[in-house]
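What follows is one structure encoded as structure tokens, with my remarks underneath.
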Protein chains: 2
Amino acid sequence: MASDASENISTSARRPTLATVASAAGVSMPTVSKVLNGRLDVSAATRAKVEQAIRDLRYVPVAGRARSEERFVEIVFDDLLNPYAAEIINGAADAGLGEGVTVIPKRHTGDTPREWARRVSASGRDGIIIVTSVLTSEQIARFREAGLPMVVIDTVNLPSAEFTSIGSTNFTGGVAATDHLLKLGHRRIGHISGPLTLACSVARRHGYRAALDRAGIYDPIEAMGWFSYDTGVREASTWLGRPERPTAIFAGSDQIAFGVMEAARLAGLRVPEDLSVVGFDDTYAAASTSPPLTTVHQPLKEMGELAVRTLMRLRAGEPVASHHVELATRLEVRASTAPVR
Amino acid sequence: MASDASENISTSARRPTLATVASAAGVSMPTVSKVLNGRLDVSAATRAKVEQAIRDLRYVPVAGRARSEERFVEIVFDDLLNPYAAEIINGAADAGLGEGVTVIPKRHTGDTPREWARRVSASGRDGIIIVTSVLTSEQIARFREAGLPMVVIDTVNLPSAEFTSIGSTNFTGGVAATDHLLKLGHRRIGHISGPLTLACSVARRHGYRAALDRAGIYDPIEAMGWFSYDTGVREASTWLGRPERPTAIFAGSDQIAFGVMEAARLAGLRVPEDLSVVGFDDTYAAASTSPPLTTVHQPLKEMGELAVRTLMRLRAGEPVASHHVELATRLEVRASTAPVR
DNA sequence: CTGAAAGCGCTTACAG
DNA sequence: CTGAAAGCGCTTACAG
């Protein structure tokens with residue numbers, strides 16, 4: 001057993017190096033290096049000795065080329081549990097696989113702009129993707145100073161020319177959702193937005209208004225709140241108690257739509273027989289509600305993919321066609337909408 | 001402008017090194033190194049020159065200590081879009097922040113066991129967390145050979161003494177779900193399991209049976225399928241068409257429970273007035289259904305946290321108390337259950 | 001504050 | 001197959 005000697009070494013304060021492993025295994029440093037890198041010109045017996053020493057010493061290579069060739073991209077969310085996050089991470093990780101880039105999701109930790117830029121840059125990241133975060137112009141300047149390529153995935157704000165961003169077609173999505181309800185014969189269609197401080201809420205609301213206008217309906221029924229279940233329950237409940245209640249509601253997000261469905265249940269109304277409901281997002285849960293939710297699909301996975309590709313292009317100094325790209329939303333028709341009665 | 005000289009250099013084939021940056025900025029290598037590492041003993045003017053050169057050359061440090069101190073843990077899922085994944089990643093990333101470890105989520109790519117072990121080990125990871133994957137004993141042997149610390153998060157299989165794993169209390173959860181329904185006065189309680197090839201399904205089913213037994217009910221109503229919405233719709237629909245239908249259903253997962261709620265709607269039954277429904281998992285969507293779902297909470301976030309901490313302990317050569325730990329499930333009572341009528 | 005010199009951990013030809 | 005020698009990219013004292 002080599003355990004006696006190796007324990008001596010492993011209990012010493014310093015972490016083991018290639019040299020430590022080499023001497024423990026009774027071979028030269030180049031030989032250990034070859035084993036580590038999967039080279040084939042090492043005999044089986046030697047390889048076994050080296051692997052044993054690596055295990056005994058718990059050796060982990062530290063700054064070799066093997067590691068250094070790897071590229072890292074950090075992708076920052078305000079909230080990793082947001083149902084968006086999973087889909088965006090999925091797309092980014094997929095694209096990363098193709099581009100040879102390792103994607104690291106992080107939650108924004110509340111550093112100051114300078115700390116943040118310094119930390120990310122000092123950790124040797126090849127770029128950073130920021131998701132729907134409130135990005136100050138100071139922060140952007142800091143990343144620029146640090147020479148750090150950056151792409152913003154923003155489904156919320158208006159695009160800025162200061163940085164490269166990826167969004168989705170909110171206005172068009174609002175039109176599509178409302179047109180769908182109009183085509184089903186609905187005339188009293190309510191809309192519950194998310195916060196109107198967010199450009200995406202404004203765009204969706206104006207999509208709704210544009211569709212109504214074209215149909216000759218000039219009295220929109222509008223409410224507003226957070227992108228939350230509770231907002232949907234509260235605002236829809238107000239409407240559903242009235243005699244002239246809407247026969248359909250277009251919600252500014254899936255979470256709001258789920259709340260609207262609950263308000264219908266509490267009011268003793270059935271979806272879609274008594275009330276049609278449309279959401280916005282098409283996150284994982286939308287297909288599994290009862291009834292399954294008709295909603296505007298946001299291509300979150302594709303946005304994650306595009307962000308990684310664009311970032312690698314920026315990093316390589318290649319030009320990007322536009323500082324902002326919007327991917328198309330698409331209406332996903334399920335069972336929560338039906339012809340008006 | 002330094003652009004002329006720097007362009008010459010940046011268009012050369014080799015990536016820039018510290019030396020390139022130093023000569024472009026007209027300073028020594030140690031000075032560039034100091035700037036890179038955020039040292040304070042550099043004048044503002046010099047720092048600016050160096051930062052400019054770094055930007056011009058798109059210099060990225062490659063194998064310095066700054067990077068090499070960072071520890072990486074890979075966390076592997078069969079499917080990153082699984083609603084589990086977001087919660088586990090969240091917990092792992094949190095614990096990583098505390099332990100100074102960077103967590104990298106990956107989808108299992110279908111490498112052979114040897115390729116997989118070699119790739120992960122060659123990329124200098126400090127350990128690997130595997131989530132509910134089908135882990136062959138060969139794979140375990142490969143990781144062990146590579147000296148790679150490993151922890152398995154497994155809510156599905158029986159624990160093995162061959163490796164360190166983290167699970168949750170499935171049997172107890174099944175008992176709690178069923179007891180809750182019994183306390184509400186239900187006697188005809190159906191149970192729809194996931195695949196009985198998975199130990200977790202068996203444990204939940206036996207929890208259900210144990211609770212019924214204790215209540216003196218010896219004719220369980222049981223069905224089985226995938227952990228899917230469609231399974232819930234299909235199996236519940238069969239039961240709900242019968243005169244002696246169950247008044248409550250305990251589903252083996254939230255997805256199945258969502259399907260059960262849909263089956264109730266299709267049969268013209270109300271939840272919870274005509275049918276109580278309990279799920280298992282308590283993933284993000286469970287609180288947002290209509291009505292909100294009573295379900296057995298699995299501590300997925302905590303499992304992710306514990307996995308990272310345990311992994312770092314293994315890596316440091318510290319002993320772990322047990323090769324398997326189960327975290328407690330807990331019944332989350334919402335509005336999908338009510339007293340029997 | 002700045003940089004010449006020594007050093008660290010690892011890899012790459014290449015001779016045997 | 002194996003390893004002495006040279007080299008790479010970066011950092012760390014430390015003298016000025």
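Everything numeric in this text was worked out from a predicted model, so none of it was measured. The chains referred to below are lettered A, B, ... by the order of the sequence lines, with proteins before strands, and numbering in each begins at 1.
Between A/Thr46 and D/dT2 there is a side-chain polar atom (N or O) within less than 4.0 angstrom of OP1 or OP2. Close to C/dT11, at under 4.0 Å from its OP1 or OP2, lies a side-chain N or O of A/Ser33. Applying the 4.0 Å criterion to OP1 and OP2 of C/dT2, one finds that B/Thr31 has every side-chain N and O outside that range. Regarding contacts with the backbone of C/dT2, a side-chain N or O of B/Ser43 is found under 4.0 angstrom from either OP1 or OP2.
The separation between A/Lys34 atom NZ and C/dT12 atom P is 11 Å, rounded to whole Å. The separation between B/Asp41 atom CG and D/dC14 atom P is 15 Å, rounded to whole Å. With rounding to whole Å, B/Met29 atom CE is found 8 Å from D/dT11 atom P.
The cationic group of A/Arg107 does not satisfy the cation-pi geometry with A/Phe77, failing either the under 6.0 Å distance to the six-membered ring centre or the 45° limit from the ring axis.
Taking the charged nitrogens against the carboxylate oxygens, B/Glu318 and B/Arg313 do have a contact shorter than 4.0 Å, which makes a salt bridge. Salt-bridge check for A/Arg125 with A/Glu74: passed, with a basic side-chain N closer than 4.0 Å to an acidic carboxylate O.
Where A/Leu18 and B/Ala44 meet DNA chain C, the nucleotide closest to each residue was compared, and B/Ala44 sits on the side nearer the 5' end.
Separating the P atom of C/dG16 from that of C/dT12 is a span of 22 Å, rounded to the nearest Å.
Checked against C/dG3, C/dT12, D/dC10, the side chain of B/Thr17 finds its nearest nucleotide in D/dC10.
Taken from CD1 in A/Ile129 to CD1 in A/Ile104, the straight-line distance is 11.0 Å, to the nearest 0.5 Å.
Using N1 to N3 plus N6-O4 or O6-N4 for Watson-Crick, or N1-O2 and O6-N3 for G-U wobble, each under 3.5 Å, D/dG16 pairs with C/dC1.
Within the nucleic acid shown, A/Val27 comes within 4.0 Å of sugar-phosphate atoms alone, with no base atom in reach, counting heavy atoms only.
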